[in-house]
Undergrad: 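I am attaching a structure below and will ask some questions about it afterwards.
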Amino acid sequence: MPTLTERAAWKALEAHFDEVGPMHLRDLFAADPTRGATLTAEAAGLFLDYSKNRLTAETIKLLVQLAEESGLAAGIEAMFSGEKINVTEKRAVLHTALRAPKGSTILVDGRNVVPDVHEVLDKMAAFADRVRSGAWTGHTGKRIRNVVNIGIGGSDLGPVMAYEALRSYSDRALTFRYVSNVDSTDFAEAVHDLNPAETLFIVSSKTFTTIETMTNAHTARDWSIAGLGGGAASVAKHFVAVSTNAAEVGKFGIDTANMFGFWDWVGGRYSMDSAIGLSTMLAIGPGGFRQLLAGFHEMDEHFRTAPFAQNLPVLMGLLGIWYGNFFGAATVAVLPYEQYLKRFPAYLQQLTMESNGKYITLDGTPVDYDTGVIYWGEPGTNGQHSFYQLIHQGTRMIPCDFIAFSHSLNPLGRHHDILIANVLAQAEALAFGKTREQVEAGGTAAWLVPHRVFEGNRPSNMIWADRLDPATLGKLVALYEHAVFTQGILWGIDSFDQWGVELGKVLANRIIPELESAKEPNLTHDSSTNNLIRRYRKAKP
Ligand code: G6Q
């Protein structure tokens, strides 16, 4: 296959960009009054309006052609059928198996993994029911009121995002906290008002060797044992583990009967629907968790079967390529108009940037095009009163993904109408702006006119659903997972490894003893690092 920039569709897109790039959304909308209805797609209860993007129907045709020339169809099949597409780690990539219905067959090395998935789900459900009903009691016989998930990265961001997103469906008799940072403040603040006798810790770590998580887990164990006045026996009642590493779980003192497993074919940032989601299941119950999985699965099926031009994740992925590679946009803002999705942008940052922040292609050569776009965002309307200024009148193009729902989960007076009016207004203002003529017609003083002109022509997607519920959350996450996958295929990179995280870990492990040794260490770093280490050692109590 020719490299990305050598493909016929890429070359056609370059020529097409010269023509479409300078066009204004005002003119595109004026030329086609049906645009707002036709440049849309709908699947699995998610509606995507992509008409306020700087493109024509021809752009979509060419982008789809590029996807075809890039082998996207074969890539999708390879992922779903369990081929080892994570080539640098020689692993299958099967988060889609986590939400496959009972009775389906997905083979990894000749073994059907679907029954394994459901066995763990059933075990999680039995445990969640016991905790939620009060049948599971702590060391002193009290029921569990607090659940603290200890994990980091993929073992934290998904669970915390899902808990926040689905809080309205959660058991309010239980308190949920999430500890991730090795900064002791995170642990101290999470437990400061909790009673150890009523607190259950879930140590979530695929490897069970991650230094942050293991440090927090040991601190939690000390806190729990000290608070209970018990011994190691209490650990079995107050600690469970989610991991692939039974040996390390056992060494920590957690009964492996209270360990919930998953598999090496689940990447950390794709694991919120595995046992890593145990805290989510405890919060919303096994039924709610199964709805979440059903939502994921519905989007999986859509991605696997829908023609590319109507395929939501494919369209979103291709739009990212269009802006990132042709317009040179470096970032995408994700702007949910739903307070419960406040951690969704942070979750997406890991999903998108850890997956596609790569400059080496699958065959080991550097790319000659940009990859991995920077994702960021905050819920609306808050962002409107801070960083939206730059999106409206700054010098950089920032495509936006607006996310909105027809119904509020807490309807109160006019709030939802006002919220929705704002998301519509922002997308409209970004696209169409305000011309000099319009500003002048409003009687603005001449010197102020330039400041009040909005160029417009700032692109956005509108992703719309009925209401935020567990199934819808699953669909939304799967939508972005598969958009990331689509981009990874086109860019020809391994979206499922994360070697970039390794170097810092190795260096930190080298520095720890240099900070802790009683004897002055022989420092051989650069002069800046050496100096900072000396400064820290001097300040240490
Ligand atoms: C995700 C990454 C990373 C990982 C954490 C936690 O894709 O691999 O964020 O999830 O480093 O790893 P453990 O679950 O092994 O503790």
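Positions are given from 1, in the same order as the sequence printed here. Note: hydrogens, waters and symmetry copies are ignored here, and every other heavy atom, side chains too, is used. Atoms within each ligand, like the ligands themselves, are counted from 1 in listed order. Keep in mind that what you see is a predicted model, and the values were worked out from it rather than measured.
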Undergrad: Name the closest protein heavy atom to atom 3 (C) of ligand 1, giving the residue it belongs to and the distance to 0.1 Å.
TA: Q350 NE2, 3.8 Å

Undergrad: Specify side chain, backbone, both or neither for K206, according to which of its non-hydrogen atoms lie closer than 4.0 Å to ligand 1.
TA: both

Undergrad: Flag this pair as yes if the NZ/CZ of R221 is under 6.0 angstrom from the six-membered ring centre of F252 and inside a 45 degree cone about the axis; otherwise no.
TA: yes

Undergrad: How many angstroms lie between atom CZ of R269 and atom CG of L348, to the nearest 0.5 angstrom?
TA: 13.0 Å

Undergrad: Heavy-atom contacts with S205 under 4.0 Å: which atoms of ligand 1 show up? List them by number with element.
TA: 13 (P), 14 (O), 15 (O), 16 (O)

Undergrad: If I apply the N/O under 3.5 Å rule, does T207 come out as touching ligand 1?
TA: yes

Undergrad: Report, in ascending order of atom number, the atoms of ligand 1 lying under 4.0 Å from any heavy atom of T210.
TA: 12 (O), 13 (P), 15 (O), 16 (O)

Undergrad: Step through the shown structure and confirm whether more than 12 heavy atoms of other residues, nucleotides or ligands are within 6.0 Å of CZ on F327.
TA: yes

Undergrad: Show me which atoms of ligand 1 lie under 4.0 Å from any heavy atom of Q498.
TA: 7 (O), 8 (O)

Undergrad: Any heavy-atom pair between the side chains of Q291 and D469 that's under 4.5 Å?
TA: no

Undergrad: Heavy atom of E212 under 4.0 Å from ligand 1?
TA: no

Undergrad: Consider every N or O of S155 and every N or O of ligand 1, then say whether any pair is closer than 3.5 Å.
TA: yes

Undergrad: Test your reading of the structure: does G154 have an N or O sitting under 3.5 Å from an N or O of ligand 1?
TA: yes

Undergrad: Can you confirm whether S279 sits close enough to Y178 that some side-chain heavy atom of one is under 4.5 Å from a side-chain heavy atom of the other?
TA: yes

Undergrad: Geometry only, no angles: is K505 polar-contacting ligand 1 at N/O separations under 3.5 Å?
TA: no

Undergrad: Nearest protein heavy atom to atom 6 (C) of ligand 1, by residue and atom, and its distance?
TA: I152 O, 3.2 Å

Undergrad: Would you give the length of the straight line joining atom NE2 of H238 to atom CD1 of I254, rounded to the nearest 0.5 angstrom?
TA: 12.5 Å

Undergrad: Would you mind running through ligand 1 and noting each atom that sits below 4.0 Å from a heavy atom of R269?
TA: 1 (C), 7 (O)

Undergrad: From the options H482, K475, H95, select the one residue that forms a side-chain hydrogen bond (donor to acceptor under 3.5 Å, both in side chains) with D300.
TA: H482

Undergrad: Between I374 and M353, is there a side-chain heavy-atom distance shorter than 4.5 Å?
TA: yes

